[in-house]
Enquirer: 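Below: one structure in structure tokens.
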Amino acid sequence: AYTLEIHCTSATAATGLAITPHLDPNLHFAPGSVTTTAGTITTGNGPSDTSFRIDVATLAPGASITVTFDAVIEPTTTAKSVATQGFTAGTNFPLDASDDPATPAPGDPTVTPISVPLVTEIPTLNTWGLLALMLSLACAGTAFLWRFR
């Protein structure tokens, strides 16, 4: 789950604003997962959408928009991290890249470490193993009962 916050820090309104993501090749956009606090989701919530775009007519000075969306990690990846970045463009300002707030570098993508959970196999018995277990328990139970006779 990703949250993208767009702030208009200019003294003038941002006009003709378009918001789009750039996902790591090891991520797949989850269609239908896009929400926004302002503007129109033009693509992203259709069942076959592979990305999203949000159009905002005007974003006033000091105003903000929050966009959320989901992405799924490619199950066969061996990558140790994924990088995602959002981009905004408008009619009165150039293309602008999002910034990872966790780092001091300006305009850098958000890098998320991937950890694969360790799955331990649970031992199971086949038919013969189950029969041997039942026989062992029956013998042990019989021997236990003979002690109280």
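What's counted below: heavy atoms across the whole structure, side chains too, no hydrogens, waters or symmetry copies.
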Enquirer: Give a yes or no answer on whether the side chain of Thr36 reaches the backbone of Ala38 with a donor-acceptor pair at less than 3.5 Å.
Expert: yes
Enquirer: Enter the distance from Thr77:OG1 to Asn26:CG here, rounded to the nearest 0.5 Å.
Expert: 3.0 Å
Enquirer: Among residues at least two apart in sequence or on other chains, which ones pass side chain to side chain donor-acceptor pair (under 3.5 Å) with Ser64?
Expert: His7
Enquirer: Ignoring hydrogens and angles, tell me if any N or O in the side chain of Ser33 forms a donor-acceptor pair with the backbone of Asp70 under 3.5 Å.
Expert: yes
Enquirer: Which residues pass the side chain to side chain donor-acceptor pair (under 3.5 Å) test with Thr76, not counting sequence neighbours?
Expert: Glu74
Enquirer: Please list, chain by chain and in numerical order, all residues satisfying side-chain contact (heavy atoms from CB on, under 4.5 Å) with Ser10, sequence neighbours excluded.
Expert: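 Once residues adjacent in sequence are excluded, the partners of Ser10 under the side-chain contact (heavy atoms from CB on, under 4.5 Å) criterion are Cys8, Thr12.
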Enquirer: What residues join Trp128 in its hydrophobic cluster, counting side-chain heavy atom gaps under 4.5 Å, either direct or through other members?
Expert: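 So far as hydrophobic clustering goes, Trp128 is joined with Leu131.
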Enquirer: Please tell me whether Phe29 and Val111 are part of a single hydrophobic cluster in this structure, the criterion being side-chain heavy atoms less than 4.5 Å apart.
Expert: no
Enquirer: For Ala13, enumerate each residue passing the side-chain contact (heavy atoms from CB on, under 4.5 Å) test, keeping only those at least two apart in sequence or located in another chain.
Expert: Thr58, Pro61
Enquirer: How long is the gap from CD1 on Ile41 to CD1 on Ile19, to the nearest 0.5 Å?
Expert: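 If we round to the nearest 0.5 Å, Ile41:CD1 and Ile19:CD1 are 10.0 Å apart.
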Enquirer: Determine which pairs satisfy salt bridge (Lys or Arg N to Asp or Glu O under 4.0 Å) with at least one residue from residues 38-59, sequence neighbours left out, and list them in order.
Expert: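 Only Arg53-Asp55 qualify under salt bridge (Lys or Arg N to Asp or Glu O under 4.0 Å).
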Enquirer: The criterion is side-chain contact (heavy atoms from CB on, under 4.5 Å); which residues satisfy it with Thr35, sequence neighbours excluded?
Expert: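 Partners of Thr35 by the side-chain contact (heavy atoms from CB on, under 4.5 Å) criterion, ordered by chain and then number, come out as Thr68.
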Enquirer: May I have all residue pairs that pass side-chain hydrogen bond (donor to acceptor under 3.5 Å, both in side chains) and include part of residues 82-104, sequence neighbours excluded?
Expert: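 Listed once each, the pairs are Tyr2-Thr84, Thr15-Thr91, Thr15-Asn92, Thr103-Asp108.
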Enquirer: Taking side chain to side chain donor-acceptor pair (under 3.5 Å) as the test, write out the residues that go with His22, two or more places apart.
Expert: none
Enquirer: Checking side chain to side chain contact (heavy atoms under 4.5 Å, CB included) for the pair Leu17/Phe93: CA distance, chi angles, key distance, verdict?
Expert: CA-CA 9 Å; Leu17 183 66; Phe93 67 94; 3.2 Å; yes
Enquirer: At what distance, to the nearest 0.5 angstrom, does CG of Leu4 lie from CZ of Phe69?
Expert: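 Answer for the CG-CZ pair, Leu4 versus Phe69, is 7.0 Å.
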Enquirer: I'd like to check the side-chain contact (heavy atoms from CB on, under 4.5 Å) partners of Ala57; sequence neighbours left out, ordered by chain and number.
Expert: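 For Ala57, no residue satisfies side-chain contact (heavy atoms from CB on, under 4.5 Å) once neighbours in sequence are set aside.
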Enquirer: For Leu95, what are the other residues in its hydrophobic cluster, where any two members join if their side-chain heavy atoms are less than 4.5 angstrom apart?
Expert: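 Leu95 shares its hydrophobic cluster with Phe87.
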Enquirer: Does Thr3 form a side chain to side chain contact (heavy atoms under 4.5 Å, CB included) with Val67? I'd like the steps, not just the answer.
Expert: CA-CA 6 Å; Thr3 300; Val67 176; over 6 Å; no
Enquirer: Kindly compute the distance separating CD1 (Ile54) from CD1 (Ile65), expressed to the nearest 0.5 Å.
Expert: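 Reported value, rounded in 0.5 Å steps: 7.5 Å.
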Enquirer: How about Leu27 and Val72: do any of their side-chain heavy atoms sit closer than 4.5 Å?
Expert: no
Enquirer: With a 4.5 Å cut-off on side-chain heavy-atom distances among I, L, V, M, F, W and Y, is there a chain of contacts connecting Leu125 to Leu137?
Expert: yes
